[in-house]
There are 2 protein chains.
Amino acid sequence: MARRRQAVTIKHVAADAGVSLQTVSRVINEEPNVRPEMKERVEKSIDKLGYIPSIAARRMSGSRSYLIMALNDRDRTIADWKARQGADWVDQMLLGGMLKCAESGYRMIIELVDTHSDHVERELNAALVALQPDGVILTPPHSENPLITGLLEKRGVAFARIGAGSEGAGVSLVMDDEGAARLATQHLIDLGHRRIGFIAGSPEYQLSAWREAGWRTAMQRAGLPTAGLREGGDFSYETGMTAAAKLLGNKERPTAIIASNDQMAMATLDVAAERSLAVPFDLSVVSFDNTPMTIFCQPPLTAIDQPIAATASRAVELLIAANRGEELPTETEVIEARLIERGSTALAPDGG
Amino acid sequence: MARRRQAVTIKHVAADAGVSLQTVSRVINEEPNVRPEMKERVEKSIDKLGYIPSIAARRMSGSRSYLIMALNDRDRTIADWKARQGADWVDQMLLGGMLKCAESGYRMIIELVDTHSDHVERELNAALVALQPDGVILTPPHSENPLITGLLEKRGVAFARIGAGSEGAGVSLVMDDEGAARLATQHLIDLGHRRIGFIAGSPEYQLSAWREAGWRTAMQRAGLPTAGLREGGDFSYETGMTAAAKLLGNKERPTAIIASNDQMAMATLDVAAERSLAVPFDLSVVSFDNTPMTIFCQPPLTAIDQPIAATASRAVELLIAANRGEELPTETEVIEARLIERGSTALAPDGG
DNA sequence: TTGAAAGCGCTAACAG
DNA sequence: CTGTTAGCGCTTTCAA
């Protein structure tokens, strides 16, 4: 293996421009106290020689590593990848995060950590020390793991928590689950629906409660009842089937159902088909998350889009700002969610 | 921002174990010439202090960076991510590559580069210098870009080319497209089909020719004709529609169709539905790639699985071996492909 | 506003 | 088998 010494280093640039290393360093770091003409001269040399600073060397000398680490739950991520059912959480994180990183010369690196393990701290610490990232993005369920947030805080690494409540250190970013649920419910109400069922998600996730709350609020405001219209699941297809079957088995069955994720919505579609209920004519369905499966369903699902890319992008933005010395906001940032209308919603049937 | 100096360094370990830095270095690099008792003593200290070597420092001192860079085409990758149609190429690369990396303390980092740009070299060089990866994995169409392979070769970075022919530097890994096509064809022949249509992919990709060749070979061996049974597309849904329409418009229409990717297979399904042909009873369909959409099709598509994860995993394995000084194989490595049977294939209709 | 010196944590090369 | 020395490329002191 060839010894891969750097071809052109800061020394070469300094020599070429006839200045000290220090001046070059100041220019590439956009520090003050450099005369414009000096700066220009250095920049010309940099361009001419095609100089790119080495991340490793920069990190060594105690400055930034230009690395943002995105932490995901190992088991769940690997399971999603293996299942190949189109769950594109990681892709959306990359889409939002990596591109935002690139704007400032940062890179995003995905790291998998096992939340449930008793050596989370060891694992995380190893990654932290090996990579020395300038910032860490936490995704559920890491976002609410005090072992993780505690360690990050102790080590003084800037971090963002996605999908978690606001208490605790680090910036918190959430999608507006409650508002989104209200939006979905209102959409159905506007279509003339009055009996709108709701399939809740796993109570282990905070967002399940937020989504349910949004539905209740919208129904209440419209003076519509919710009694007998709420069933619970755990985000799986199977529990979606059970919940949908209960809802559609009532003698006064709902004309619309909101499912707390795409899997359960798909289950609802299948239960409806079993009972010869035509979607969207006899039954409208709205789901949450808007993963790729929504477009392949029959009919394609109207869904609340979970803005993962936008959230990751914003998280990176804040983390990079923090590294520049800016203060991180203490308030939770709320990223707006949109409703994507597809074929599973329509006007309520007569008497809806 | 806190100055994030490393908490415990090789020095601390050396002091704790009462040996020189060098001995510690030898232990963590599993180098020879360390007495077992010394080694044990050092390892004890490492455990006790929770020492993790800094990647940056290791890279600095001219050794490995423990980084493998996976290069993907920027436009295509971003388009896939934005489309959210379940294309999971990147995920499968991560699944195979990242996990294999982790086994040896490496990390995989995704990098997007624009192949068609005239400054590919600049872009790639920047990534190479900034990150100093120990190995690079090239995916199509980068795998066949001489600007890229040339630069990598010049810089002496080990690299693997996925999905490209064998000529040129670097290890070459391909899925057995030809064999896979034969497998798919034979599967249909075994089901009693005799008129088996084929929709070819874009001629810009080598694999299109390989897939077609496999179909032709299998047909020939079985003494079956191919005349009038071949149409061409470019992997898009639209061209798939056109091709399928032509094939099914023939008076002697095929009883089975092999499409060179999932998109075109889905188009074939839709064309069949338009013409009231029941799949798989009137028409069997087999596709290539096995992306997530296959399971959401009606009926779910029988498909040739493209073993991206296995390929990435093997590429990483070879790259890491190369870094240990082992020779890279000069022969192209062929990764076997499997046929996943789902609902779109069945016995040929009478007289098939 | 600029430059010189010191050192980050580690490994290569060379001694012993 | 083990230790010493020098330096990787850069940024941080500190001095001019």
Side-chain angles (χ1 to χ4, degrees), chain A residues 1-42 46 49 51-66 105 128-132 134 323 325, chain B residues 1-42 46 49 51-67 105 128-132 134 323-325:
Chain A
M1 211 51 338
R3 302 277 285 84
R4 250 172 300 110
R5 282 274 156 61
Q6 195 141 329
V8 25
T9 72
I10 197 170
K11 275 190 192 166
H12 299 102
V13 177
D16 186 85
V19 298
S20 73
L21 302 186
Q22 203 34 241
T23 305
V24 179
S25 175
R26 286 192 181 106
V27 171
I28 61 183
N29 288 300
E30 299 183 331
E31 280 171 22
N33 299 342
V34 184
R35 259 181 308 156
E37 54 188 274
M38 278 274 110
K39 188 175 167 180
E40 201 183 329
R41 188 134 62 94
V42 171
I46 290 179
L49 302 176
Y51 166 70
I52 309 277
S54 150
I55 284 193
R58 294 181 112 170
R59 172 62 248 175
M60 276 301 294
S61 42
S63 92
R64 308 181 205 124
S65 64
Y66 294 89
L128 249 27
V129 176
L131 260 16
Q132 322 235 59
D134 289 341
N323 263 271
Chain B
M1 211 57 330
R3 302 275 288 85
R4 248 172 301 109
R5 281 272 157 61
Q6 195 141 330
V8 24
T9 73
I10 196 170
K11 275 190 192 166
H12 300 103
V13 178
D16 186 85
V19 297
S20 72
L21 301 186
Q22 202 38 241
T23 304
V24 179
S25 175
R26 285 190 181 107
V27 171
I28 60 183
N29 289 299
E30 299 184 328
E31 281 171 24
N33 300 341
V34 183
R35 256 185 308 159
E37 57 190 271
M38 278 273 109
K39 187 174 168 182
E40 201 183 330
R41 189 135 59 96
V42 171
I46 289 179
L49 303 177
Y51 166 71
I52 308 279
S54 150
I55 284 195
R58 295 180 111 171
R59 171 62 249 175
M60 277 300 295
S61 45
S63 92
R64 307 180 207 126
S65 65
Y66 293 90
L67 251 30
L128 249 27
V129 176
L131 260 15
Q132 323 236 55
D134 289 342
N323 263 272
R324 291 216 189 85

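Quick caveat, the model's predicted, so the values are computed rather than measured. Quick note: numbers below take in every heavy atom, side chains included, and nothing from hydrogens, waters or symmetry partners. Throughout, protein chains are lettered first and strands after them, A, B, ... in sequence-line order, and every chain is numbered starting at 1.
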Item to check | Sugar-phosphate only, base, or nothing, as touched by Pro32(A) at under 4.0 Å among non-hydrogen atoms | outcome: nothing

Checklist outcome for this item: Ranking Glu31(B) and Glu37(A) by the position along DNA chain C of their nearest nucleotide, the one closer to 5' is Glu37(A)

Checklist entry - For Ile10(B) and dT4(D), what is the distance between atoms CD1 and C1' respectively, to the nearest whole Å? => result 14 Å

Checklist entry - Does Tyr51(B) make a side-chain N or O approach to OP1 or OP2 of dC10(C) shorter than 4.0 Å? => result yes

Item to check | Least distance between heavy atoms, Ala17(A) atom then Val42(A) atom | outcome: CB-CA, 4.2 Å

Checklist entry - Which whole-number value in Å describes the distance from Asn33(A) CG to dG3(C) P? => result 13 Å

Checklist outcome for this item: Here the gap from Gln132(A) atom CD to Arg59(A) atom CZ, rounded to the nearest 0.5 Å, amounts to 4.5 Å

Item to check | Interatomic distance where OH belongs to Tyr66(B) and P belongs to dC10(C) [whole Å] | outcome: 12 Å

Checklist entry - Could you give all pairs that pass the salt bridge (Lys or Arg N to Asp or Glu O under 4.0 Å) test and reach residues 13-31 of chain B, with sequence neighbours left out? => result Asp16(B)-Lys48(B)

Checklist entry - Does Arg59(A) put a side-chain nitrogen or oxygen below 4.0 Å from OP1 or OP2 of dC10(D)? => result no

Item to check | Interatomic distance, Lys11(B) NZ vs dT4(D) P [rounded to whole Å] | outcome: 13 Å

Checklist entry - So which of residues 12-27 of chain A are in contact with DNA chain D, with a heavy-atom cut-off of under 4.0 Å? => result Gln22(A), Ser25(A)

Item to check | Nucleotide dC10(D), atom P - distance to CG of Asn29(A) in whole Å | outcome: 11 Å

Next on the checklist: Could you tell me if Asn29(A) and Arg64(A) have a donor-acceptor pair between their side chains, going purely by distance under 3.5 Å?
Outcome noted: no

Next on the checklist: In this structure, how many angstroms lie between the C1' atom of dG9(C) and the CG atom of Leu49(B), rounded?
Outcome noted: 15 Å

Checklist entry - Could you state the interatomic distance from CD1 (Ile28(B)) to OH (Tyr51(B)), rounded to the nearest 0.5 Å? => result 4.0 Å

Checklist outcome for this item: When rounded to the nearest 0.5 Å, the distance separating OG1 of Thr23(A) from CG of Asn33(A) is 10.5 Å

Checklist entry - What distance separates Arg58(B) CZ from Ser25(B) OG, expressed to the nearest 0.5 Å? => result 7.5 Å

Checklist entry - Hey, does the side chain of Arg58(B) come within less than 4.0 Å of dT11(C)'s phosphate (OP1/OP2), counting only N and O? => result yes

Next on the checklist: Distance check needed: dA6(D) P versus Met60(B) CE, whole Å only.
Outcome noted: 17 Å

Checklist entry - How would you label the contact of Ile55(B) with the nucleic acid (heavy atoms, under 4.0 Å): base, sugar-phosphate, or nothing? => result nothing

